[in-house]
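Structure below; questions to follow.
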Number of protein chains: 2
Amino acid sequence: MKKQKHKTDIVSVANLAGVSAATVSRALNHPDLVQPATRKKIDQAIRKSGYIRNRAAQTIHGRRSGTIGLVVPTVAYAIFAELVQAFNDAVSERGFTLLLASHGYDLDTEYGLVRKLLEHRVDALALIGLDHSADTYRVLREQNVPTLAIWNFDAASPVSCVGVNNAEIGNIAADHLIMLGHRRIGTIFPSTGENDRARSRKSAAFERFRAAQADLDEIWQIQTPYSIAQAKDACLDLLARQDRPTALLCGNDVIAQGAIYAALKLGLSVPKDISIIGIGDFAGSAELEPALTTVRIPARRIGAIAAEHLAAAVDRTEEDFLVRTRFEAELIMRATTAVARAK
Amino acid sequence: MKKQKHKTDIVSVANLAGVSAATVSRALNHPDLVQPATRKKIDQAIRKSGYIRNRAAQTIHGRRSGTIGLVVPTVAYAIFAELVQAFNDAVSERGFTLLLASHGYDLDTEYGLVRKLLEHRVDALALIGLDHSADTYRVLREQNVPTLAIWNFDAASPVSCVGVNNAEIGNIAADHLIMLGHRRIGTIFPSTGENDRARSRKSAAFERFRAAQADLDEIWQIQTPYSIAQAKDACLDLLARQDRPTALLCGNDVIAQGAIYAALKLGLSVPKDISIIGIGDFAGSAELEPALTTVRIPARRIGAIAAEHLAAAVDRTEEDFLVRTRFEAELIMRATTAVARAK
DNA sequence: AATAGTTATGCAAATGTTTTCATTAATTTT
DNA sequence: AAAATTAATGAAAACATTTGCATAACTATT
């Protein structure tokens, strides 16, 4: 018995129900336009034939595709996990399906992914941050699909954005360390070349540190990707030095976690021997021992609002979609920072 | 100036290039069939008009949609993050785009998501584990889309699967604790109702423990979701007891991390006062202080192979797709387990 | 009871591609 | 130079839907 090529399209359902294809279509999309009795027949026919609508056919007709694209640098670490989860939940609650793509912090790859998502005719598109290639910006403008930049807020952004002011975050973190009396500061950030979030945080913090005439010895400033293992490794070297800083500002909580482990491994007490502050307040940061002092970025709320904005933009057929929502970051003082000791 | 409704379809490109739509289509899909000169004209026309192919139109024609669906319980925690990342990388390397959906450990929700992905005519579909509703299995059979269950290996699975034998994992973890002399054992698992992975691990381990006549005091067996915070909380109660177990088997590394933090908070030494073993070997588990002893599940390799299988299955037009690949789990001895002390 | 208005349904066109078949042009063989 | 191949292109059908328009069957109004 050869598996029959399941020829279950809308017309076979229509035949089975004894109505026209148009009526079946209406029963599915505008149930109020078809008589209850007919609807019932159709429902049965659908159930019986195992019919599944073809979204592609709707899409081609100009209808919404029912998909929203999300392009992130990575999902491998905790950084975007909560965001993706919240975004996905909010988006699917509104009947959309998520098309996910990740580019590994490479903006040319990102451009390719954006194109691919546009080929699939996503109804809306979300990217992380405001650093994108000129090609990406151009194609988004041309296709005018509702687009949203998540994570970084900028009042002058070329596209809609919802997020935090990352410079502000840098300020908050730096001020906290300065306030505690630290003047010997180390920083651990990822490469800031194609990452506006990290760049803003870092340069803002540096400015503050300089204003406070802190010692920012070149050798204490290190660069490592967002990875616990690599951050720990890098910090082992840094913290084993005779002349080490009294405080460490980490590009995010993942790095901070690595830093803490490095300190513990070396038998240093956090925060007595070294203060460590993270950025993000990821899941688990509060439970760390010692609990991580960090600057909270409300990932869930950002993800949820982002999804809400985009879903709304899809319905409105209005011309240009532009919203900017700013969330406030917040210092969460826990147990990894303390007043600087005289050294 | 009203933004013209970008009428950039294949025929407008064709007109611009002075050829027929058919030729443009060929230039895109079978470049070797069209003369270099013509191809060049077409390329220019495409560039100039900002044309982006409409995947929906191809799909409707019977061509592959170029999407692969992945349904996971959650992306919020580290559990599936590496898997999703590896799967996504492998899938997009082969030209597909990932449609992601998450159901929050609810199998009815999962059914809905599977249907939605099928509406989008995914070329292939991956699910986590082998616990799925009858409806889900039925619809997958009816539509015969290549389907793969990831994470759990079962030689008798109704669909293709790649993963580890979770019972085996339970055995490995239990044997390790027994071998170290532990006979007072606590376990922390999530609800096993709709989660075959956790169920297999737990029941296999229990069997081993019973065979070794270990003390499995009811009060030491706790249930908590995969969450660092909740696991830590639950363990604080457990470990503060006068009569606590000497070893803790955790449903996965996320829970184990919570358990470690709880122990540290209570001033207990791990592993001297309490041995803790996790499952999974997630990113960061090796860097924990003390480093986590765990049973490694090769998430990256599983994700990559899963994607490879599915991509291959899409090309092959063969009737039934059925592969089963088993990966071996491996005990990774680190610093959180030690020989039981007489109590 | 005749007219107007409403409701439910069907017909057919339209959506943006791909692909089969046919046609023309270019190349090779005799 | 004619015949036979081969290569490049175009015309049109097909894919699974949705929707505007037309029609038929009711219901409400006078």
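Since the structure is predicted, the reported quantities are computational estimates derived from the model, not experimental observations. Chain A is the first sequence line, chain B the second, and so forth, proteins listed ahead of strands; every chain is numbered from 1.
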- Message: Expected output is a numbered-order residue list: members of residues 55-63 of chain A with a heavy atom under 4.0 Å from any atom of DNA chain C. What is it?
- Response: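 Only I60(A), H61(A) qualify.
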
- Item | Residues T67(B) and H120(A): side-chain donor-acceptor under 3.5 angstrom | no

- Message: Counting the atoms with a prime plus P, OP1 and OP2 as sugar-phosphate, which does V11(B) contact under 4.0 Å by heavy atoms, base, sugar-phosphate, or nothing?
- Response: nothing

- With a 4.5 Å limit on heavy-atom distance, are the side chains of V34(B) and V19(B) in contact? no

- Could you go step by step and tell me if H309(A) and S160(A) meet the side-chain hydrogen bond (donor to acceptor under 3.5 Å, both in side chains) rule? CA-CA 9 Å; H309(A) 279 330; S160(A) 295; over 6 Å; no

- Item | dT9(C) OP1/OP2 closer than 4.0 Å to side-chain N/O of T38(A) | yes

- Query: Can you tell me how far CZ of F321(B) sits from CG of L310(B), rounded to the nearest 0.5 angstrom?
  - Reply: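 Taking CG in L310(B) and CZ in F321(B), the distance rounds to 5.0 Å.
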
- Message: If the threshold is 4.0 Å, N to carboxylate O, is there a salt bridge linking R197(A) and D131(A)?
- Response: no

- In residues 21-37 of chain A, which ones come under 4.0 Å of DNA chain C, going by heavy atoms? A22(A), T23(A), R26(A), V34(A), Q35(A)

- First locate atom CG of D9(B), then atom CG of N54(B), and finally report the distance between them rounded to the nearest 0.5 Å. 9.5 Å

- Query: Could you state the NE2-C1' distance from H120(A) to dT17(C), rounded to the nearest angstrom?
  - Reply: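 After rounding, the gap between these two atoms is 14 Å.
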
- Atom CD of Q143(A) and atom C1' of dG16(C): how far apart are they, to the nearest Å? 14 Å

- Message: Taking the side chain as everything from C-beta on, heavy atoms only, tell me whether T59(B) gets closer than 4.5 Å to T59(A).
- Response: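 Side chain of T59(B) against side chain of T59(A), heavy atoms only: no contact under 4.5 Å found.
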
- Query: With the threshold set at 4.0 Å, does a side-chain nitrogen-carboxylate oxygen contact exist between K40(B) and D43(B)?
  - Reply: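 D43(B) and K40(B): not salt-bridged.
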
- Message: Once rounded to the nearest 0.5 Å, what's the spacing between atom CD1 of I302(B) and atom CZ of R326(B)?
- Response: 11.5 Å

- Message: Quick test of your reading: applying side chain to side chain donor-acceptor pair (under 3.5 Å), list the pairs with at least one residue in residues 97-114 of chain A, sequence neighbours left out, ordered by first then second residue.
- Response: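 Checked against side chain to side chain donor-acceptor pair (under 3.5 Å) - neighbours excluded - the pairs reaching residues 97-114 of chain A are S102(A)-Q85(B), S102(A)-N88(B), D106(A)-T109(A), E110(A)-H132(A), Y111(A)-R115(A).
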
- Pairwise side-chain contact, F87(A) with I68(A), heavy-atom cut-off 4.5 Å (strictly under):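 Yes; the side chains approach each other to less than 4.5 Å.
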
- Task: Could you tell me the separation between the CD atom of E119(B) and the C1' atom of dT17(D), rounded to a whole number of Å?
- Result: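 So the CD-C1' distance, E119(B) to dT17(D), works out to 13 Å.
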
Sort me out a list of protein N/O and nucleotides 22-28 of chain D N/O pairs below 3.5 Å, or just none if empty.
none

Please list, for nucleotides 23-28 of chain C, all pairs of protein and nucleotide N/O atoms separated by less than 3.5 Å.
none

- Note on the structure: Taking five pairs at each terminus, the helix from dA1(C)-dT30(D) to dT30(C)-dA1(D) shows an axis bend, to 10°, of 30°

- Query: Atom CD1 of I10(B) to atom C1' of dA12(D): distance rounded to whole Å?
  - Reply: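 One finds 15 Å between C1' of dA12(D) and CD1 of I10(B), rounded.
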
- Non-hydrogen side-chain atoms of L125(B) and L140(B) separated by less than 4.5 Å: yes

- Message: Nearest 0.5 Å, please: how far is CG in D32(B) from CZ in R39(B)?
- Response: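 The CZ atom of R39(B) sits 7.5 Å away from the CG atom of D32(B).
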
- Between atom CG in N15(A) and atom P in dA16(D), what is the gap in whole Å? 13 Å

- Task: Take atom CD1 of I42(A) and atom C1' of dG10(C), then tell me their distance rounded to the nearest Å.
- Result: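 Computing the I42(A):CD1 to dG10(C):C1' distance gives 12 Å.
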
- Going through the checks in order, is the salt bridge (charged side-chain N to carboxylate O under 4.0 Å, His left out) test met by D135(A) and R138(A)? CA-CA 5 Å; D135(A) 280 338; R138(A) 180 182 42 69; 3.1 Å; yes

- Grab the CZ-C1' distance between R121(A) and dT17(C) for me, whole Å please.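 Distance, rounded to whole Å: 11 Å.
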
- Note on the structure: One should read off an interatomic distance between I52(A) CD1 and T8(A) OG1, to the nearest 0.5 angstrom, of 8.0 Å

- Working to the nearest 0.5 Å, report the span between CG of L70(B) and CD1 of I128(B). 6.0 Å

- Roughly, in whole Å, what's the span from CZ in R64(A) to P in dT17(D)? 18 Å

